[in-house]
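To start, the structure under review is shown below, and the notes come after it.
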Number of protein chains: 2
Amino acid sequence: MDVKTVCLGMLTQGDASGYDLKKYFESSFGHFFAAGYGSIYPALAALADQGLVSCEEVPQERKPDRKVYSITDQGRAELQAALVDPNPSHKVRSEFLAMMFFAHLLDENHIDTVLNNRVAECDRLLQSIKAFEEQAGGCDCLPSGARFVAGFGKAIASACRHYIEENRKVLVEREARDAGPKVAAG
Amino acid sequence: MDVKTVCLGMLTQGDASGYDLKKYFESSFGHFFAAGYGSIYPALAALADQGLVSCEEVPQERKPDRKVYSITDQGRAELQAALVDPNPSHKVRSEFLAMMFFAHLLDENHIDTVLNNRVAECDRLLQSIKAFEEQAGGCDCLPSGARFVAGFGKAIASACRHYIEENRKVLVEREARDAGPKVAAG
DNA sequence: GAAGTCATGTAAAATGTTACATGATTCA
DNA sequence: TGAATCATGTAACATTTTACATGACTTC
């Protein structure tokens with residue numbers, strides 16, 4: 001599943017411009033599927049080429065024109081086909097963990113800074129997911145999929161934060177070397 | 001930080017061939033930084049070009065020759081420079097969550113299958129991290145960075161598994177629509 | 001006057017994935 | 001005989017990221 005498919009899915013929830021989709025990506029998809037204008041606009045153009053979306057240009061007063069896209073029947077069929085995969089991927093690429101793996105090459109102040117920044121990042125993420133839920137009207141109004149995904153993001157971000165706080169000693173106090181990580185999986 | 005940098009880091013822990021590095025990627029880096037031969041071999045060739053590693057060809061009896069790489073002083077300096085970034089990234093790209101976001105477009109059997117497969121994937125991951133820890137000799141022998149990272153992987157995989165088990169009803173029993181996710185962040 | 005929002009896009013560069021290509025040895 | 005392991009690599013392809021390019025309006 002690529003950016004094109006996700007755009008197609010977003011358009012099942014209402015017509016939108018590339019600019020709108022970027023905002024959806026930021027507010028609800030940001031933590032697990034990022035996309036910038038550089039992928040969204042070409043994706044929409046390709047979808048239009050294939051007849052999976054239609055496009056209407058809407059002139060606006062005192063603002064640039066908008067290109068509003070709608071999903072077509074063919075687009076819906078294509079989306080269904082893309083969603084049958086029983087093993088969708090879930091990939092992590094973490095420079096953070098790679099860096100921590102090489103902790104023995106770093107000085108403790110630097111490790112400390114990196115861990116603090118990562119914790120702050122988790123907090124930002126938690127805040128932004130909560131903002132998304134609230135903005136949608138107290139969370140009961142959200143479709144079940146959006147609620148599940150938001151909850152997932154919160155659970156992982158908070159597990160991440162918690163693990164770092166409980167185990168940073170492993171990395172920073174070299175004497176505590178044989179304490180071992182405190183939170184281990186059951 | 002790209003595959004080249006990670007290879008450089010791995011070579012601080014001892015000389016190795018591309019084939020060896022692939023195994024390191026699988027055993028300890030697999031869950032947060034994947035790489036295949038198609039990235040590793042070109043990375044080593046580029047590092048050698050830049051003088052960051054040196055290469056010795058070792059003929060073997062009854063086996064193909066090995067190209068064993070060692071990090072150079074210049075390579076160590078380059079690695080240090082790559083590790084100063086105070087904000088290393090941690091990116092997730094999840095077709096799984098994207099698919100679940102669009103749960104309202106899927107039938108319940110399919111959702112069920114996808115969730116089961118994801119849980120099984122978490123279990124495989126937990127097993128492989130435990131295998132890595134044990135193979136390293138009971139976990140006390142591991143450098144602190146490797147221990148921290150392994151613990152991190154286990155914590156996240158088990159949070160993921162737990163969240164899915166507790167909240168799959170949100171997606172599958174449509175009547176339970178207003179129950180909401182059970183595990184929310186504090 | 002500066003910064004931010006609205007709005008669209010292209011082009012080049014970087015990066016990674018997949019498939020292909022080869023070939024001996026070992027184990028069941 | 002077939003599958004797995006050891007061992008190296010290339011080439012085409014897909015995909016994303018980054019920088020560039022434009023321009024009006026609004027808010028501080």
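Computed from a predicted structure; not experimentally measured. Within every chain, numbering begins at 1; the chains are lettered A, B, ... in the order of the sequence lines, protein sequences first and strands thereafter.
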Out of D/dA7, C/dG9, C/dT8, minimum distance to the side chain of A/Arg66 belongs to C/dT8
What is the separation between atom CD on B/Glu57 and atom P on D/dG9, rounded to the nearest whole Å?
8 Å
Side chains of A/Asp2 and A/Thr5: is there a donor and an acceptor less than 3.5 Å apart?
yes
What is the distance, rounded to the nearest whole Å, between atom CG of A/Asp65 and atom P of D/dC25?
13 Å
Same apolar cluster: A/Leu44 and A/Tyr19, side chain cutoff 4.5 Å:
no
Hey, is A/Glu134 close enough to A/Lys130 for a salt bridge, meaning N to O under 4.0 Å?
no
Touch check for A/Gly38, heavy atoms < 4.0 angstrom, all strands: base, sugar-phosphate only, or nothing?
base
Separation of D/dA7 C1' from B/Glu56 CD (nearest whole Å)
17 Å
Compare the minimum distances between each of C/dG16, D/dT16, D/dG9 and the side chain of A/Ser39, then state the nucleotide with the smallest one.
D/dT16
From NZ of B/Lys91 across to P of C/dA14 the rounded distance in Å is 15 Å
Can you confirm whether the side chains of A/Ser17 and A/Asp20 place a donor and an acceptor under 3.5 Å from each other?
yes
What is the distance, to the nearest angstrom, from the OH atom on B/Tyr37 to the C1' atom on D/dA7?
8 Å
Apply side-chain contact (heavy atoms from CB on, under 4.5 Å) to the pair A/Arg66 and A/Glu56, showing each step before the final yes or no.
CA-CA 8 Å; A/Arg66 283 159 58 83; A/Glu56 195 190 355; over 6 Å; no
Whole angstrom value for the distance that separates P of D/dT18 from CG of B/Asp2
13 Å
I want to verify a distance call: between D/dT16, C/dG9, D/dG9, whose nearest atom is closest to the A/Val3 side chain?
D/dT16
Verify the ring-centre separation between B/Phe148 and A/Tyr163: is it less than 6.0 angstrom?
yes
Any side-chain heavy atom of A/Phe152 within less than 4.5 Å of one from B/Cys160?
yes
So does A/Arg93 get a side-chain nitrogen or oxygen closer than 4.0 Å to the phosphate oxygens (OP1/OP2) of C/dT15?
no
Candidates C/dG9, D/dT16, D/dT8 - which lies nearest the side chain of A/Tyr69
C/dG9
C/dG16, D/dT8, D/dT10: which one has an atom nearest the side-chain heavy atoms of B/Pro42?
D/dT10
Starting at atom CD1 of B/Ile40, determine the distance to atom C1' of D/dT10, rounded to an integer number of angstrom.
15 Å
DNA chain C-proximal residues of residues 8-29 of chain B, any heavy atom under 4.0 Å:
none
